[in-house]
Amino acid sequence: MFDTDFDPGVGTGEVIPSGLDEMEPGPVLAALLSSIDVSTVSGYDQIVVLRAHRRMVSHYQAHTYTDMVSVTDSLSEVHDDPRNATESAAAEIRAALNLTRRAADIELSFAMDLRQRLPQVSDMLSSGVIDVRRAKTIDDGTCHLPISAARNVVERIAEIAPQMTAGELGAHIRKLCIEADTEEAKKRYEHAVTDRKIIAEPTVDGTANLIGLDLPPDMVAAVTKRINKIARSLRGNHESRTMDQLRADVYLDLLGGSRHKTRSKGVIHMTADLDTLVGLTDHAGELNGYGPVIADIARQVADEQPDAELRYTITDTETGEPIHAGTTRRRPSASQRRKVETRDSICVFPGCRMPAADCDLDHGTTYAEGGPTVPGNLAPLCRNDHRIKHNGWNLKRLAIGGYQWTSPLGHTYTTRRAPP
């Protein structure tokens, strides 16, 4: 019901070399790109050129980090102490590239990680299949793991990383890290939550930030849902504040003692496999709107939620497919919304992670055109992506699960459920 006819003929112009979109970065691709005037090619081909340039950027960034390590190797021949060699290399890089001391230290540390801990990530960056943001996401997400475990995580995400945003990739890596060593993950969580704290800090604009660090994720999810519910209830024809401003004001009002009443409490959507819920395994759960959580938190959320509606999805341990869904305390007023949110827990636009509970339900075939209000014709889209969908983008539900988007320039992008 989501499919409509689409004409990819957007703009005309010079023809780019055949196979440019699949060409590996290197001297040949660089030469071809240098001969293309992007203003003279079609809109469709402009995206192909954009992706090719991005692959070249990643390729050169990988070489830049290799160069940094080479500087360290050269200075190791001058200094007997490896620490002195590293400090000297950072100073050399700092001066050569006009970096701050901190920036030079961070960049050199990342370069050393690529060579010593994560050579596969270095290869992926050099081949242009990932950019430096995703490379750093992998590095940051695995920095606490032993080298063998970190490399195992990289091996598991290597195929899907090119299709993920940095946010999606980070969430998936957190889940894999939890499962790589469940006992260690539990200890890290318990240690971190004992150090929970609130920080108040002034800003250069004369305002202040109030930040909670290392808080229990289930409580953060519940509180966030409550703030969002209250903020939405305050929106009206005469309300001039943005949603961000409303959420900030509700946050302060609640902490300051003001009371807001809404018709419904927060909603928490948690996904976990059956073996984890009954205590046979310790696989990571998924708290919608937050991300992966350790097994103890998943079981705790399933057992105790006195102040929030809990929507749960139980998955098959082997396949990851949903086998049961339900709601604690009370049923939502719209069972169809619950079915859609169980099937698609987040906005279905590529890279968006807005929880479905905070999204619009979009009719694939519009209601005005006779489209029925049934789960098969509904998909969650955040307000921004809902507008995008009605601004020239075509959406098609795939028989194998997930969705295929076609842009006004004729490119297709596929979104699927998060890996089980």
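Here the structure is a predicted model, which is why all the values come from computation and not from measurement.
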Worksheet item: So, E107 and Y65: side-chain donor and acceptor under 3.5 Å apart, yes or no?
Response: yes
Worksheet entry | K186: side chain to side chain contact (heavy atoms under 4.5 Å, CB included) partners, not counting sequence neighbours | E190, I294, D296
Item to complete: Output yes when D344 and K339 qualify as a salt bridge under the 4.0 Å nitrogen-oxygen rule, no when they do not.
Response: no
Worksheet item: In chain order, what residues pass the side chain to side chain contact (heavy atoms under 4.5 Å, CB included) check against V28, with sequence neighbours excluded?
Response: M23, L32
Discussion item. Evaluate D358 against R232 for salt bridge (Lys or Arg N to Asp or Glu O under 4.0 Å), listing each step before the verdict.
Written reply: CA-CA 10 Å; D358 296 329; R232 281 195 294 268; 3.3 Å; yes
Worksheet item: For F110, is the NZ or CZ atom of K136 found under 6.0 angstrom from the centre of its six-membered ring and inside 45 degrees of the ring axis?
Response: yes
Practice prompt. Could you verify whether a donor N or O on one side chain and an acceptor N or O on the other, from R353 and T165, lie under 3.5 Å apart?
Written response: no
Practice prompt. Salt-bridge test for D81 and R83: reply yes if a basic N is under 4.0 Å from a carboxylate O, no otherwise.
Written response: no
Worksheet item: How would you list, by chain and number, every residue that makes a salt bridge (charged side-chain N to carboxylate O under 4.0 Å, His left out) with R387, sequence neighbours excluded?
Response: none
Discussion item. Please check: side-chain N/O of T207 versus main-chain N/O of T203, any donor-acceptor pairing under 3.5 Å?
Written reply: no
Fill in: side chain to side chain donor-acceptor pair (under 3.5 Å) assessment of T66 paired with R115
CA-CA 8 Å; T66 299; R115 183 172 78 169; over 6 Å; no
Discussion item. Please evaluate residues R188 and E184 with respect to the criterion salt bridge (Lys or Arg N to Asp or Glu O under 4.0 Å), reporting the C-alpha separation (whole Å), side-chain torsions for both, the decisive distance (0.1 Å), and the verdict.
Written reply: CA-CA 6 Å; R188 283 191 296 109; E184 193 269 344; 2.9 Å; yes
Fill in: S39 versus D37, side-chain donor and acceptor atoms under 3.5 Å
yes
Worksheet item: Does the side chain of L145 reach to within under 4.5 Å of the side chain of C177, using non-hydrogen atoms?
Response: yes
Discussion item. Under the criterion side-chain contact (heavy atoms from CB on, under 4.5 Å), I'd like the reasoning laid out for E87 against D105: C-alpha separation, chi angles, the key distance, then a yes or no.
Written reply: CA-CA 8 Å; E87 290 181 352; D105 288 343; over 6 Å; no
Worksheet item: Is there a donor-acceptor contact under 3.5 Å from the side chain of Q46 to the main chain of V38?
Response: yes
Worksheet item: Hey, are H386 and D360 close enough side-chain-wise for a donor-acceptor pair under 3.5 Å?
Response: yes
Fill in: H411 and R51: side chain donor to acceptor below 3.5 Å
yes
